[in-house]
Amino acid sequence: MENALLDTVYDTKTFLEQAKRLLQITQEHLSNSLSGSNEKVMHWQEPEEVFRFWEDFFNGGSPEDFFSQVFQHTTHTHHPKYIGHQVAAPAPVTALTGLVSALLNNGMAIYEMGMAPSAIERIVIDKICQQIGYDKNSGGFLTSGGSLANLTALLSARKAVVPHDVWNKGYAQPLGIMVCEEAHYCVDRAAKIMGLGEKGIIKIPANQDFSMDVSLLPSYFEKAASTGIKIFAIIGSAPSTATGAYDDLEAIGRFAAEKEIWFHVDGAHGGAAIYSKKYQPRITGIETADSVVIDGHKMLLMPTITTALLFKNQRHAAHTFNQKADYLLDDSREDPWYQSGKMTFECTKTMMCLHWFVLLKVYGEQLFDEYVTRQYDLAHSFAKMLMKDPHFELATLPQSNILCFRWIEKEMSLDALNQVNARIRQQLLADGEFYIVQTTLRGTLYLRTSLMNPFTTADHLQQLLEKIKKTAQHIS
Ligand SMILES: *Cc1c(COP(=O)(O)O)cnc(C)c1O
């Protein structure tokens, strides 16, 4: 009697029944979402309203209805009219790998608590390194998100480049990094966490197309150096988040080599172009980077959260959190590959490698090639569609599957257009047929789309534009 609740919770027959029911409604949800038929991407509600709904459910709802209610009351990435944030519509099989990871709970903090995932992760990492164009000396690990991976890479860079033992002794002189003003905010945050301060983040202005203006690198470097800042790393975005513009990785790589500083590529979104035969030229030079970040949960069809952090030299993956100063380490691996917990920020982490392994084993790199190429192609078609219509204006030609545009009308002021476009986006959100977002670039408000869903077609996008025009007419 004492353990009645525990016995119930761990009853395997009950689990099987629950799982069968859940699979049934998951399949229904998935097929409704994917077909996009008379289903909305989301049913928008104010935060307080949603809070009251779930409070009522907690107090009076039936647990049997829980999963179906969650499905109904949230945003559906599998819907082809989901074209908002850069989140994957996960390949359904990766929900199953997620289940196995959750159930086994082998956190990989130490080898015997993750024998299978340690080996599986090594295979996955080796495959990604090969695809980048790295040689046998490369390595890395999976970690919990692009933000954490960027921070980890910069910590590793500092240890590799700065002769002073900052890890143990703190800063002896002001340090800095160089990054385009358009980079993801997590780079800024990583630099602040590392104590570099505002002065330690050398922001390089962007070109007209929102990529880094690499012609400014020498002068910005000299200016920082003349104020006593030692720059130890430069970050290239592949691409940056707001507009999807790729920095010139080749030029940044050359500059980094010349100045003997670390070259890091934030490819959280579009590092996935390593898999696309057609779009691989976008990331030429990535193989010269000292470290690269690629998110599985963005352009590689995997669920939140799984990120690869790759190093040209495995030794740098291993040294980040090592207590010893870098010059005490020899070139051999300090810790064997199966001690990945020593290399990662996390102590316990999920078995995120299962997603990568299953997709690569069952479908091969070909799957990612097909997906990335299709989405980038679609953005080009969308751009052509927009350029043909005098009521629309592109922020810049798309270089990935991210595209920013706005509704325009001659003789309307910038302020008025900003207001109309903000209201368009608000009404689309409330309507729920489509999901798109917005961003402000150099004072102009744009509607922002990320073509994430593998079943979004040009036809859906045409419908979106018709809807926007009708909405705009209504507003103005
Ligand atoms: C999304 C994104 C990040 C952050 O990655 P998370 O996995 O969300 O932490 C970093 N950089 C770029 C360029 C991104 O697009």
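Atoms within each ligand, like the ligands themselves, are counted from 1 in listed order. Below, all heavy atoms of this structure are taken into account, side chains as well, without hydrogens, waters or symmetry copies.
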Exercise for the section: Heavy-atom contacts with His269 under 4.0 Å: which atoms of ligand 1 show up? List them by number with element. Expected result: 15 (O)
Completion exercise
Here the atoms of ligand 1 under 4.0 Å from any heavy atom belonging to His297 are 7 (O)
Handout entry: NZ/NE/NH1/NH2 to OD/OE distance under 4.0 Å, Asp188 and Lys203
Key = yes
Handout entry: Ligand-residue contact atoms, ligand 1 with Gly145, heavy atoms, under 4.0 Å
Key = 7 (O), 9 (O)
Exercise for the section: Give yes if a backbone or side-chain nitrogen or oxygen of Ser240 is under 3.5 Å from a nitrogen or oxygen of ligand 1, and no if not. Expected result: no
Handout entry: Test item: Leu386 and Leu465 side chains (from C-beta on) under 4.5 Å apart, heavy atoms
Key = yes
Handout entry: Ionic contact status for Lys277 with Glu370, cut-off 4.0 Å
Key = no
Handout entry: For His269, the option from Val293, Thr241, Ile294, Ile402 that meets side chain to side chain contact (heavy atoms under 4.5 Å, CB included)
Key = Ile402
Handout entry: Proximal ligand 1 atoms for Gln86, defined as those under 4.0 Å from one of its heavy atoms
Key = 15 (O)
Practice task
Determine, step by step, whether Glu393 and Arg406 satisfy the salt bridge (charged side-chain N to carboxylate O under 4.0 Å, His left out) criterion, reporting the C-alpha distance in whole Å, the side-chain angles of both residues, the deciding distance to 0.1 Å, and the verdict.
Solution key: CA-CA 5 Å; Glu393 182 185 81; Arg406 61 180 185 143; 2.8 Å; yes
Handout entry: Contacting atoms of ligand 1, where contact means under 4.0 angstrom from a heavy atom of Cys186
Key = 10 (C)
Exercise for the section: Give the atoms of ligand 1, by number and element, whose distance to some non-hydrogen atom of Ser147 is under 4.0 Å. Expected result: 4 (C), 5 (O), 6 (P), 9 (O)
Practice task
State, yes or no, whether a side-chain contact exists between Thr444 and Tyr446 at a heavy-atom distance under 4.5 Å.
Solution key: yes
Practice task
Give the numbers and elements of all ligand 1 atoms closer than 4.0 Å to a heavy atom of Asp295.
Solution key: 5 (O), 6 (P), 7 (O)
Fill in the blank from the handout: Closest to atom 14 (C) of ligand 1 among protein heavy atoms sits Lys298 NZ, 3.0 Å
Problem - Ion pair Asp135/Lys312, N-O distance below 4.0 Å - result: no
Fill in the blank from the handout: Note: Pro239, heavy atoms under 4.0 Å from ligand 1, region reported as backbone
Exercise for the section: Kindly check if the number of other-residue, nucleotide or ligand heavy atoms within 6.0 Å of NZ (Lys192) is above 12? Expected result: yes
Completion exercise
Residue, atom and distance of the protein heavy atom nearest atom 6 (P) of ligand 1 read Gly146 N, 3.3 Å
Practice task
With heavy atoms under 4.0 Å as the rule, classify the contact between Ala268 and ligand 1 as side chain, backbone, both or neither.
Solution key: side chain
Handout entry: Closest protein heavy atom to atom 11 (N) of ligand 1, given as residue, atom name and distance to 0.1 Å
Key = Asp266 OD2, 2.6 Å
Practice task
May I ask you to check whether over 12 heavy atoms, not counting those of Glu49, lie within 6.0 Å of atom CD?
Solution key: yes
